[in-house]
Peer 1: 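Submitted below is the structure of interest, expressed as structure tokens.
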There are 2 protein chains.
Amino acid sequence: MIFEKEILKKIDFITENELKEEILKHGEILSFKKGDVIVREGQYVKILPIVISGLIRVFQTKEDREILLYYVEPSQTCMMSLSACFFNNQSPSQALAMTQTDILAIPSRFITQWQKQYNSWNNFVIKTFRKRYDELLDTFESVAFDHIDKRVIAYLARRKSQQESTRIKISHQQLANELGTTRVVISRILKQFEMDGKLVLHRAEIELL
Amino acid sequence: MIFEKEILKKIDFITENELKEEILKHGEILSFKKGDVIVREGQYVKILPIVISGLIRVFQTKEDREILLYYVEPSQTCMMSLSACFFNNQSPSQALAMTQTDILAIPSRFITQWQKQYNSWNNFVIKTFRKRYDELLDTFESVAFDHIDKRVIAYLARRKSQQESTRIKISHQQLANELGTTRVVISRILKQFEMDGKLVLHRAEIELL
DNA sequence: GATACTGTGTATCTTTTGATACCGTTTTAT
DNA sequence: ATAAAACGGTATCAAAAGATACACAGTATC
């Protein structure tokens with residue numbers, strides 16, 4: 001059971017009390033288990049998900065490879081859903097629950113309505129677009145100009161700071177998928193890092209030093 | 001002199017007559033010559049530019065290299081300006097007039113106001129964000145997964161369709177900057193294409209066949 | 001017309017990354 | 001318990017792209 005108090009804590013970027021009430025009234029909590037598909041490619045999207053707890057991975061698949069768009073963390077929403085709701089489009093991407101995840105589902109009809117009525121909602125919408133753009137630009141720059149070893153380090157560092165632990169559970173294959181390369185390349189680089197004393201490798205787990 | 005009729009033609013995505021009048025009333029036409037800097041990095045942005053004629057190049061500079069974000073064509077606006085106006089931020093990027101360019105400058109205070117009042121304006125705002133995101137994603141994918149020769153061809157094809165001519169005025173060095181690589185690589189690839197009979201090279205100009 | 005700058009062709013060498021293949025270990029499923 | 005799948009180490013080879021260097025032609029400037 002999720003209490004209203006917890007929900008309100010996650011949407012503290014909403015300043016108008018009236019809007020808070022509306023959100024609690026019209027939003028519905030949906031729960032997903034690890035590995036559940038939340039949105040399929042091509043599916044029409046009727047709700048906007050705001051993550052209350054857990055983590056959602058949003059990605060596209062193109063010719064048997066995945067392109068990671070972004071993760072949706074608590075207090076955030078999915079830009080692609082936002083856009084799809086807005087224009088009543090099909091979703092161009094897939095969303096997957098990475099862990100047990102609870103979302104607050106807002107029916108799409110409220111999105112533009114609230115944008116007009118509530119400043120903080122409109123801010124939320126615009127910030128979501130801008131944030132994802134900046135993230136993508138970051139990724140783009142690192143793909144364009146950095147070597148893979150640097151990207152691996154950056155990825156691990158980000159994971160470390162997100163989860164407050166130096167042990168990162170991920171297989172070489174998964175890491176390769178995240179960075180858009182192959183398993184052999186990742187194994188090679190990680191081994192080198194281990195020899196340099198930067199980390200220790202365990203099965204499906206990387207321990208940062 | 002730019003006539004109201006021409007302006008209205010360029011903003012035909014605006015459906016409300018009332019808004020059209022407001023735009024004509026509060027917007028101001030600004031003209032730039034080829035090469036003029038329209039926005040500097042770090043500058044506060046007080047107006048939203050809608051291009052009436054010409055072309056604007058929006059890019060960032062990082063450690064002596066340029067990162068092209070996008071071009072703003074007639075009827076379009078600059079996402080970065082939109083975002084900067086919205087949050088009263090400094091512009092993280094530079095904008096440069098590629099040719100003689102006329103813009104319709106909308107004072108920033110109207111942006112959110114009109115978003116609330118006019119659906120077509122809000123659509124314009126959201127579409128701008130989404131469009132630039134999609135473009136960036138496209139570029140990202142081609143950088144991540146395509147070889148440079150394919151990217152060169154794609155770049156030339158886009159330029160061709162934009163300007164309705166098979167002769168593209170660009171030097172190898174400029175082309176290298178656009179694609180984030182070096183002159184030698186571009187010369188090498190273009191020469192190969194010429195030998196394959198796909199194009200003819202002239203000085204600072206490429207003729208597509 | 002001399003000079004400097006820009007644009008281009010091309011050769012050589014190196015680094016990075018990808019592709020493939022093979023092997024052993026550990027975990028999972030039946 | 002046994003087979004299958006997932007995980008990872010490593011070697012070899014090839015391709016793509018970057019770095020550097022040099023030559024020379026066209027263009028602009030004075």
Side-chain angles (χ1 to χ4, degrees), chain A residues 33-35 62-67 98 139-156 159 167-208, chain B residues 34-35 62-67 139-156 159 167-208:
Chain A
K33 287 192 302 293
K34 178 174 175 171
K62 274 232 168 98
E63 298 147 24
D64 84 337
R65 63 170 170 250
E66 292 183 359
I67 298 153
M98 294 300 286
T139 313
F140 168 72
E141 286 176 20
S142 79
V143 167
F145 303 113
D146 296 339
H147 288 164
I148 294 195
D149 51 357
K150 192 170 165 193
R151 295 174 53 212
V152 169
I153 286 291
Y155 180 88
L156 295 175
R159 283 286 298 264
R167 298 179 84 95
I168 293 154
K169 280 198 191 303
I170 191 169
S171 75
H172 295 189
Q173 183 60 61
Q174 287 172 306
L175 186 44
N177 288 147
E178 293 280 284
L179 300 182
T181 180
T182 61
R183 202 268 309 164
V184 181
V185 170
I186 294 294
S187 294
R188 188 192 287 159
I189 288 168
L190 287 177
K191 201 69 204 168
Q192 186 58 49
F193 283 149
E194 188 176 40
M195 291 197 293
D196 295 346
K198 291 181 183 160
L199 43 77
V200 180
L201 297 176
H202 308 277
R203 189 182 173 83
E205 186 178 282
I206 298 164
E207 183 187 359
L208 298 176
Chain B
K34 179 175 176 172
K62 271 229 171 103
E63 298 147 25
D64 83 341
R65 65 169 169 252
E66 291 182 359
I67 298 152
T139 314
F140 169 73
E141 285 175 19
S142 79
V143 167
F145 304 113
D146 296 340
H147 289 164
I148 293 196
D149 51 357
K150 192 170 165 192
R151 294 175 54 213
V152 169
I153 286 291
Y155 180 87
L156 295 175
R159 283 287 297 267
R167 297 178 85 94
I168 293 154
K169 279 196 189 307
I170 192 168
S171 75
H172 295 186
Q173 182 60 63
Q174 287 173 308
L175 185 44
N177 288 147
E178 293 281 283
L179 300 182
T181 180
T182 60
R183 202 268 312 165
V184 182
V185 171
I186 295 294
S187 293
R188 190 193 286 158
I189 287 167
L190 286 178
K191 201 68 205 169
Q192 186 58 51
F193 283 149
E194 189 177 40
M195 291 197 293
D196 294 347
K198 292 182 183 160
L199 43 78
V200 179
L201 298 176
H202 306 277
R203 188 181 172 85
E205 188 179 282
I206 298 164
E207 182 186 358
L208 298 176

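In what follows, chains carry the letters A, B, and so on, assigned in the order in which the sequence lines appear, proteins first and then strands, with residues in each chain numbered from 1. Because the structure is a prediction, the values reported are computed rather than measured.
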Peer 1: Using atom CD of Glu205(A) as one end and atom P of dT27(C) as the other, report the distance to the nearest whole Å.
Peer 2: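 These atoms are roughly 12 Å apart.
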Peer 1: Say you draw a straight line from NZ of Lys191(B) to CD1 of Ile189(B); how long is it, rounded to the nearest 0.5 Å?
Peer 2: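 With rounding to 0.5 Å, NZ (Lys191(B)) is 14.0 Å from CD1 (Ile189(B)).
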Peer 1: Separation of Ile189(B) atom CD1 from dA17(D) atom P, in whole Å?
Peer 2: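 The distance from CD1 of Ile189(B) to P of dA17(D) comes to 6 Å, rounded to the nearest Å.
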Peer 1: For the side chain of Leu201(A), counting heavy atoms from C-beta on, which of dA19(C), dG9(D), dT17(C) is nearest?
Peer 2: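 Out of dA19(C), dG9(D), dT17(C), the nucleotide with an atom closest to Leu201(A)'s side chain is dG9(D).
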Peer 1: Atom CD1 of Ile206(B) and atom NZ of Lys198(B): how far apart are they, to the nearest 0.5 Å?
Peer 2: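 These two atoms lie 13.5 Å from each other.
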Peer 1: Please report, rounded to the nearest Å, how far the P atom of dG8(D) is from the CD1 atom of Ile186(A).
Peer 2: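 Taking atom P of dG8(D) as the reference, CD1 of Ile186(A) is at 11 Å.
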Peer 1: Can you tell me the distance, in whole Å, between the CE atom of Met195(B) and the C1' atom of dT10(C)?
Peer 2: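 My rounded result for the distance is 11 Å.
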Peer 1: Looking at dT17(C), dG7(C), dT10(D), which one has an atom nearest to any side-chain atom of Ser187(A)?
Peer 2: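 Closest nucleotide to the Ser187(A) side chain: dT10(D).
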Peer 1: Can you tell which of dG7(C), dA21(D), dG18(D) lies closest to the side chain of Ser171(B)?
Peer 2: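 Among the listed nucleotides, the one closest to the side chain of Ser171(B) is dG7(C).
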Peer 1: Just N and O in the side chain of His172(A): are any of them under 4.0 Å from OP1 or OP2 of dA6(D)?
Peer 2: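 So the side chain of His172(A) is outside the cut-off, no N or O lying under 4.0 Å from OP1 or OP2 of dA6(D).
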Peer 1: Run the numbers on Glu194(B) and Leu199(B) for side chain to side chain contact (heavy atoms under 4.5 Å, CB included), then give the verdict.
Peer 2: CA-CA 5 Å; Glu194(B) 189 177 40; Leu199(B) 43 78; 4.0 Å; yes
Peer 1: What is the separation between atom CZ on Phe193(A) and atom P on dG8(D), rounded to the nearest whole Å?
Peer 2: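 Checked: the CZ to P distance equals 16 Å.
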Peer 1: Which comes earlier along DNA chain D counting from the 5' end, the contact point of Asp146(B) or that of Gln173(A), where each point is its nearest nucleotide?
Peer 2: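 Of the two residues, Gln173(A) wins.
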Peer 1: Test side chain to side chain contact (heavy atoms under 4.5 Å, CB included) on Phe140(A) and Ile67(B) and set out the steps.
Peer 2: CA-CA 10 Å; Phe140(A) 168 72; Ile67(B) 298 152; 3.9 Å; yes
Peer 1: Among dG26(D), dA11(D), dG9(C), which is the nearest nucleotide to the side chain of Val184(A)?
Peer 2: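 Of dG26(D), dA11(D), dG9(C), dA11(D) is nearest to the side chain of Val184(A).
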Peer 1: What is the separation between atom NE2 on His147(A) and atom P on dA17(D), rounded to the nearest whole Å?
Peer 2: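 After rounding, the gap between these two atoms is 13 Å.
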Peer 1: Tell me what Ile148(A) touches on the nucleic acid: a base, only sugar-phosphate, or nothing, going by heavy atoms under 4.0 Å.
Peer 2: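 Touches sugar-phosphate only.
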Peer 1: Which of these nucleotides, dG7(C), dG9(D), dT10(C), is closest to any side-chain atom of Lys191(B)?
Peer 2: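 Closest nucleotide among those given: dT10(C).
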Peer 1: Counting side-chain heavy atoms from C-beta on, which of dT17(C), dT8(C), dG18(D) comes nearest to Arg188(B)?
Peer 2: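 Output: dG18(D).
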Peer 1: Show, in sequence, the C-alpha distance, side-chain angles and deciding distance for Glu205(B) and Ile168(B), and conclude whether the side chain to side chain contact (heavy atoms under 4.5 Å, CB included) test is met.
Peer 2: CA-CA 5 Å; Glu205(B) 188 179 282; Ile168(B) 293 154; over 6 Å; no
Peer 1: Does the dG9(C) base have a donor-acceptor partner in the side chain of Arg183(B) within less than 3.5 Å?
Peer 2: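 In this structure, the two groups form a donor-acceptor pair.
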Peer 1: Whole angstroms only, please: what is the CZ-P distance between Phe145(A) and dG18(D)?
Peer 2: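 That distance rounds to 10 Å.
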Peer 1: Please give, in whole Å, the distance from dG18(D) P to Leu179(B) CG?
Peer 2: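 So the two atoms are 10 Å apart, to the nearest Å.
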